[in-house]
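Presented below is the structure to which this report refers.
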Amino acid sequence: AQTLYELQRGVLLLADGRRRDYIAHYIEGIQATLPILPYDETAACWQAAETVRLKSLGITPSFVDMQIAAVAAVNGLILVTRNTQDFHHFNDLLLENWFN
């Protein structure tokens, strides 16, 4: 659900036009074919523990990135992202960058 939020926010920030329409249509297709996983109690507890652990190391990821990581981690999923820098500090999180 948090990834959908980021996608929707991103497209809504774009100026009206063909590019925005194309990306919005693409996102609609994703919504229609992929399950949208919730941020639930288990994810919240995972995030809390990781927040404390990372804070002790002087690392403060964005709240939404932490939610995305939490949902992936507690569901045993691989988080696919081009931006692995924002996620590589998390414990028990599998990352994959399809652009490498």
Side-chain angles (χ1 to χ4, degrees):
Q2 287 71 19
T3 301
L4 179 58
Y5 155 77
E6 286 203 324
L7 291 170
Q8 288 290 342
R9 180 182 53 104
V11 77
L12 292 171
L13 287 170
L14 294 174
D16 286 337
R18 287 188 315 189
R19 182 171 184 254
R20 179 179 172 167
D21 292 344
Y22 175 81
I23 294 170
H25 182 71
Y26 179 78
I27 293 169
E28 287 174 19
I30 290 171
Q31 282 180 256
T33 61
L34 296 176
I36 305 298
L37 300 175
Y39 178 82
D40 61 11
E41 181 180 347
T42 306
C45 292
W46 185 94
Q47 181 178 355
E50 278 298 281
T51 298
V52 171
R53 185 186 71 79
L54 292 174
K55 186 175 181 180
S56 74
L57 299 173
I59 301 167
T60 54
S62 81
F63 191 79
V64 173
D65 285 349
M66 291 197 74
Q67 287 182 314
I68 291 168
V71 170
V74 302
N75 286 285
L77 302 173
I78 298 171
L79 196 154
V80 178
T81 181
R82 189 175 195 172
N83 188 11
T84 57
Q85 275 302 111
D86 286 352
F87 295 96
H88 78 276
H89 297 294
F90 295 112
N91 279 339
D92 303 320
L93 180 64
L94 301 172
L95 288 176
E96 193 168 317
N97 181 347
W98 291 352
F99 290 89
N100 285 341

message: Do V64 and V74 sit in one hydrophobic cluster, given that two such residues count as connected whenever their side-chain heavy atoms are within less than 4.5 Å of each other, even indirectly?
response: yes

Cluster membership besides V71, Ile/Leu/Val/Met/Phe/Trp/Tyr side chains within less than 4.5 angstrom, sorted by chain and number, is L37, Y39, L77

Step through the shown structure and confirm whether more than 12 heavy atoms of other residues, nucleotides or ligands are within 6.0 Å of CZ on R9. yes

Taken in chain and number order and not counting sequence neighbours, the residues that satisfy side chain to side chain donor-acceptor pair (under 3.5 Å) with E50 are R53

Contacts of Q31 meeting side chain to side chain donor-acceptor pair (under 3.5 Å) (sequence neighbours excluded), chain-then-number -> Q8

Residues joined to V52 in its hydrophobic cluster, side chain to side chain under 4.5 Å directly or through other members, sorted by chain and number, are none

Linking I/L/V/M/F/W/Y whenever their side-chain heavy atoms sit closer than 4.5 Å, directly or via other members, would L12 and L14 fall into one cluster?
yes

Contacts of T51 meeting side-chain contact (heavy atoms from CB on, under 4.5 Å) (sequence neighbours excluded), chain-then-number -> Q47, M66

For residues 4-31, the ring pair (Phe, Tyr, Trp, His ring centres under 6.0 Å) pairs (sequence neighbours left out) are none

If you draw a 6.0 Å radius around CG in D92, do more than 12 non-hydrogen atoms from other residues or ligands fall strictly inside?
no

**Prompt:** Is F87 reachable from I59 through a run of I, L, V, M, F, W or Y residues, each pair having side-chain heavy atoms under 4.5 Å apart?
**Reply:** yes

Could you see if L95 belongs to whatever hydrophobic cluster contains L57? Use Ile, Leu, Val, Met, Phe, Trp, Tyr and a side-chain cutoff under 4.5 Å. yes

Exercise. Could you check if a side-chain atom of L4 sits within less than 4.5 angstrom of a side-chain atom of I27, using non-hydrogen atoms only?
Key: yes

